[in-house]
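After the structure tokens below, expect a handful of questions from me.
Both backbone and side-chain heavy atoms feed into the values below; hydrogens, waters and symmetry mates do not. A note on names: the letters A, B, ... follow the listed sequences, proteins ahead of strands, and every chain is numbered from 1.
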Number of protein chains: 2
Amino acid sequence: MQHRRNTKQRQAIYDVLAEKGTPLSPREILDHAQSHVGGIGMATVYRTLKMLTGEGLVQSVEIPGEAPRFELTGKDHHHHFYCRGCERVFEVEGCPTGLAALAPAGFSVEAHELVLFGRCPECGPAGKSAKPADSVHRCCSRE
Amino acid sequence: MQHRRNTKQRQAIYDVLAEKGTPLSPREILDHAQSHVGGIGMATVYRTLKMLTGEGLVQSVEIPGEAPRFELTGKDHHHHFYCRGCERVFEVEGCPTGLAALAPAGFSVEAHELVLFGRCPECGPAGKSAKPADSVHRCCSRE
DNA sequence: GTAGCTGCAAATTCTTTGCAGTTGT
DNA sequence: ACAACTGCAAAGAATTTGCAGCTAC
């Protein structure tokens, strides 16, 4: 009988995600959680994330070319912006309309995932400390 | 001095991608390439894909929750449609406009990545042989 | 002939699992 | 109490790298 417990590790992981607000990698979650609960292990992070994800409290964010990150759910529908300068992920509100129209006839579109690539205000509009553009981050360069 | 050679393995991998047309995983590429060149190894596939990617002949396609796949470049700008029924990836022409407007002021959008999730004509519009919706494939269910 | 390419196996990295001990409830 | 949860270490899976032999040019 599943009766989910409220352990300090579980709470710590949730708190880390709530405090940071932005998508974090399992590694980052572990590091931050360590300061809340000493000795917490990687396995617990993965297990807890899977558990929280299953409960719908957490969702994964996948940026092409990047390791998966996790964030709390419950926010409005949004997408992500990946800064090529600092490699941080930001949230973007709203989403384009008419996506269903892109698919050919006969295809039913149930959901979508969108990621924007570029530079955040702090990293400046042009290539400075940028890492060389990865082949994954191609796509059209317009917009 | 790099002078790139035209080996049969390299050719086989390129041919496989050209024949299939759709994004393939390294594993699939290996399997198909084996029928062209016996004894080809996984390492060669990975090395060659990286090489071809560096040359701009190939690009990777990353579907959230899925292992990376590869396809030939040179097609028009397009996005992908992932069928939750058969797990195949289709290409979608065109792309939404006004994406740059989604990012907050100060952010410069250089590129974008879009994936549509749903069902292809063959798998029918509703859940039949569908796998349970993965937590990654969430996003809004409208459109 | 020679540098680049290949296959194999070992090495990495990331994630999952087995288990005995610990801890909410 | 007792099952769920945890940490650690071993197990897996995916990708990369070292190296000696092979091969296109």
Atom-to-atom span, CZ of A:Arg27 to C1' of C:dT16 - whole angstrom: 16 Å
Rounded distance (Å) that lies between atom C1' of C:dG7 and atom CD1 of B:Ile13: 13 Å
B:Phe70 CZ to D:dA14 C1', straight-line distance once rounded to whole Å: 12 Å
Heavy-atom protein contacts under 4.0 Å, nucleotides 15-25 of chain D, coded B base, S sugar-phosphate only, - none: SBBBB---BBS
Salt-bridge present (A:Arg4, A:Glu55; N to O < 4.0 Å): yes
Integer-rounded Å distance: C:dT6 P and B:Leu49 CG: 11 Å
Separation of atom CD in B:Glu55 from atom C1' in C:dG4, rounded to whole Å: 13 Å
C:dG7 OP1/OP2 closer than 4.0 Å to side-chain N/O of B:Gln9: yes
B:His112 and B:His79 aromatic ring geometry - parallel, tilted or perpendicular at 30°/60° bounds: tilted
Integer-rounded Å distance: C:dC14 C1' and A:Arg69 CZ: 15 Å
Interatomic distance, A:Leu30 CG vs D:dG7 P [rounded to whole Å]: 9 Å
Within 6.0 Å of CD in A:Glu93, more than 12 heavy atoms from elsewhere: no
